[in-house]
Structures are given as structure tokens and as C-alpha cells.
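Report on one structure; see the data block that follows.
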Number of protein chains: 2
Amino acid sequence: MTGWQDIETEVLRRIRDRHWPPGSAIPHEADLAREFGVARATVNRALRGLAEAGWLDRRRRAGTRVAAHPVRKAVLSIPILRAEIEAAGAAYGYRLLRREVDEEMLAVTALHLADGAPYAHEDRKVNLAVVPAIADVDLAVESANAWLVANAPFSHGNFAAGAENAGAAMAELMGVAAGAALLVVERTTWDGPRWITEVRLTYGAGHQIRTVI
Amino acid sequence: MTGWQDIETEVLRRIRDRHWPPGSAIPHEADLAREFGVARATVNRALRGLAEAGWLDRRRRAGTRVAAHPVRKAVLSIPILRAEIEAAGAAYGYRLLRREVDEEMLAVTALHLADGAPYAHEDRKVNLAVVPAIADVDLAVESANAWLVANAPFSHGNFAAGAENAGAAMAELMGVAAGAALLVVERTTWDGPRWITEVRLTYGAGHQIRTVI
DNA sequence: TAGTGGTCTAGACCACCAA
DNA sequence: TGGTGGTCTAGACCACTAC
């Protein structure tokens, strides 16, 4: 049996073998289809996947070439904090620190706990013009994080991760020494042209973002 | 014209509208094909994409359901440091700090510079049993980073990012105050079962990993 | 065991763009 | 303007799994 995954594997092998070196053109879909004895659509399925993964560059008329610099991509999943903590086998806890409404903006500060210990500090702003319903939610019970995920789907957003030294206040909240290096993740999300929320998550000492390549 | 992207857009709209709420089953491919007036393969193409993006859960016999917790995914591209620096419009510089061969392992420490300023510190180990050729490379000229990308393709790897306080030596190298919070990225890559390299990149103060969701 | 998604085929037309 | 990838079709068979 020859399926598209077999073809993908074989093409990838030829790229790794340098049988088809970086920058070189590989045979047309029609030729490969003849060689493997499958329909062109099957070859297309395999090559499309490799192109999406960054191994190939494909252009109409110009043909398919092996990418000069195979840019590897890591997929970073962005779970709800509660799910992240419970998936690690810890008990989830939540503490609302501050809630303020200023004109069309809701500002929330909260602490997420794992087995009672500080896990992440959440500093969030929400656009009330877009999600007015959150003004009526008791954020001491349900976190803005969880509510928004369930009730305010977004179309796209930005993601940035960096390192910062803990200030005195943050250090006390997170139970670390002042100046400790903490991982900070910032996200802004939009629903089409409308800005929904901006969040800044400061994780506890030693926390890592992990994924596979 | 009705293409698979139009169907993808429409299905996504119904999910966001909660016309098809989280956890609910959506019509079969055959029904949707009839509704949109296209072939089942076209519907399949659209739904497959949404499933890969995390919006849908699909199982044979069980049908297609809207994901209960739409786990959003960010795609993190992992470029070569030189390309990353030059893409930012800065001049790339490189300085080899240490090179040691111990049995079957090559250890390299180097500094990557952007416009002459420290950009990232690289601490790397390479398995010489898998890529013996790197032993003959003049790493003072070409970075191990660049050489490996071009000559030692890997099949998979791990990725972890965290924050650390700069020690005295690192602080001096990177031109920051001792104790400054720095972003540290660790990667291990494999070619099938064979371990290739393990690298630890310590970025300069304020550096962020950025992507879109 | 029956119903669902996964995949393949042979053919077709189209969009794009290098020559 | 011709060749290449992108997409769609109608039909078919298969793999998996809830029932």
C-alpha cells in the first residue's frame, strides 16, 4: 500500500539524504505520481504537508524546491491556567487581588495557585465595549481567564515571552526573593478589528514553556 | 465560487456564533457537502484544517464535535541566530569562546552579536558519533549553530524556555548587571533514536520570543 | 455491525507567473 | 503563453469504533 504518508516519508528521506539538496528543484507532481504509482492528488497531499512544515518551497509555474534554510516550527499550545495546573496533578486555587472599572475598561489582577503555592500572577485589561457581560461576572469565583476563554472567542492575537526581575511587590506575592528572574508572558487578543483583552502572566520561579519541535 | 476556505470560514463563524456551541456535534461531512453544494472531499479539506487548528474534534464513527476547550496554538519559528539578527536589520557578529572535545562529545561556547552588542550566549554539546564532520569545522569562522542547521538535519526535538538570573560570568559576557533576568532557551534535537545536539541559548536583557496566535 | 471520517483515484479546470 | 501547483468532483473502498 502506498499512501500519502509513505510518500511524505520518502520525500523527507531524500531531502535528509541530500539526494535532493537544499535549494534544488524536485520533480513535478506528475512525475512523482508516475514514479510512486499514485494519483497526483496523493502526491500533492504529501508535498503540501512538507511545504507547511517548512521543508519545501512551492510556487506555481516555478515548481517545488527544497527549502534553503529549513525553518523549524514549534507549536505552542495555550491552555487555560486551571487546566494547565490540574493536568500537572496539582489542586487549582484562585485569588482575586484587584478589580477596577475605568470607563470602558475592566482591570483585573489575580493569583493562580497550584497546591496552594503561587503559580502565576495575572494582570489583565478587558475592553468592556466588546464584552460588557464580564462586568456582571463575580471574578472572585470565576477567573477572567476562564470566563473569557468560554465566552469571548477571538480571531487572532499576539504572544510574547520574556524574563523580568521580580519587584518587591511581585516577589512577595509569588513567594520568591526580590530580583528573582521570572518568566513573563504577554498576550493581546482581538476579534476581527476589535481589541478584546490584554493579559500579562508572570509565572513562578523556574517555570518553563515546553513543547516539541 | 465556493472553495474549501469559504467553508472553513463559515464553519468557524458558526462556532464563534455559538450556533454550534462547544461540545456539540456538527452535521456529517455528507450533509454539509449537500448544504454547501460541494463534494465531500471539499468539506473534508475544510474540517480537517479546523481540526488541526484545534477547533474541532473528529473521530471515525463518533462524528465531528466542536472542541470543548478550544486550545489555541501559537507557531514558534526557530530561525538561525544569524538570520534572526540580520532580519532585525543589525550586523551579525560571532565570537567563539571555548571549544573542547571530550571522548565522543564536542562542547562549544560562543557569543552571537548584533551590531557589536551581545545578543545571545550559546552553550552547546554535539554528539560526535552522529556528526563527526563537525570536528573538522573551524568553529571560529562558522558557528556550530549555522553548520548544524545546514549539515545535520534532525527529525525531532524538545524546546523549553525559562527565565534565569545572570551569574557574574554571564553578566559580564552579556553586558548586564549581575542578577539580571535573562531569557534562556534550551533545545535538544534527535535524528531518529540518535541524539545530535543539545543547546542552551541565553538571550540579552529584554529579549522576547514573539509570535502570533 | 453499521456509520463515520480517512484516503485514494482519474480527470478536469483554474490561478499564477517565469520565460 | 505555457507549465506548474491549487483545487474541485464523483465515486469508491477502507479503518476505526460506538452501539
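Values below: every heavy atom of this structure, side chains too, minus hydrogens, waters and symmetry copies. A, B, ... follow the sequence lines: proteins, then strands. Residue 1 opens every chain.
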Measure the distance from CZ on A:R45 to C1' on C:dT9 and round it to the nearest whole Å.
-> 15 Å

Pairs meeting criterion salt bridge (charged side-chain N to carboxylate O under 4.0 Å, His left out) with involvement of residues 47-62 of chain A, two or more places apart | A:E29-A:R58

N or O in side chain of B:N44 less than 4.0 angstrom from C:dG5 OP1/OP2 | no

Could you tell me the separation between the CD atom of B:E8 and the C1' atom of D:dC8, rounded to a whole number of Å?
-> 16 Å

Atom-pair distance (CD on A:E52; C1' on D:dG5), nearest Å = 14 Å

Kindly give the atom pairs (protein nitrogen or oxygen, nucleotide nitrogen or oxygen) under 3.5 Å for nucleotides 10-12 of chain D.
residue : atom : partner : partner atom : Å
D:dA12  : N6   : B:R40   : NH2          : 3.1

For DNA chain D, find the residues of residues 57-65 of chain B with a heavy-atom distance under 4.0 Å and give them by number; none if there aren't any.
-> B:R59, B:R60, B:R61, B:A62

Degree of bending in the helix from C:dT1-D:dA18 to C:dA18-D:dT1 once both end axes are built from five pairs, to 10° = 10°

Only pairs at least two apart or in different chains count here, so list each salt bridge (charged side-chain N to carboxylate O under 4.0 Å, His left out) that has a residue in residues 135-163 of chain A.
-> none

Check whether any side-chain N or O of A:R65 sits under 3.5 Å from a backbone N or O of A:G23 as a donor-acceptor pair, and report yes or no.
-> yes

Under 4.0 angstrom between A:R48 side-chain N/O and D:dG6 OP1 or OP2 = no

List in chain and number order the residues that pass side chain to side chain contact (heavy atoms under 4.5 Å, CB included) with A:P27, two or more places apart in sequence or in another chain; answer none if no residue qualifies.
-> A:W20, A:D31, A:L32

Nearest whole angstrom, please: distance from the C1' of D:dT9 to the CZ of B:R34.
-> 16 Å

Is any side-chain N or O of B:Q5 closer than 4.0 Å to OP1 or OP2 of D:dT7?
-> yes

Salt bridge (charged side-chain N to carboxylate O under 4.0 Å, His left out) filter on A:R194, not counting sequence neighbours, yields A:D191

Pair listing, side-chain hydrogen bond (donor to acceptor under 3.5 Å, both in side chains) test, anchored in residues 203-213 of chain A, at least two apart | A:Q208-A:R210

Could you check which residues of residues 12-31 of chain A get a heavy atom under 4.0 Å from DNA chain D? Sort them by number, please.
-> A:H28, A:E29

Those residues at least two apart in sequence (or on a different chain) that pass side chain to side chain contact (heavy atoms under 4.5 Å, CB included) with B:T109 are B:L97, B:R98, B:H121, B:D123

Pairs where residues 85-97 of chain B contributes a residue and the test salt bridge (charged side-chain N to carboxylate O under 4.0 Å, His left out) is met, not counting sequence neighbours = B:R82-B:E86

Those residues that, when tested against A:N145, pass side chain to side chain contact (heavy atoms under 4.5 Å, CB included) (two or more places apart) = A:I80, A:L81, A:H112, A:E122, A:R124, A:S143, A:V149

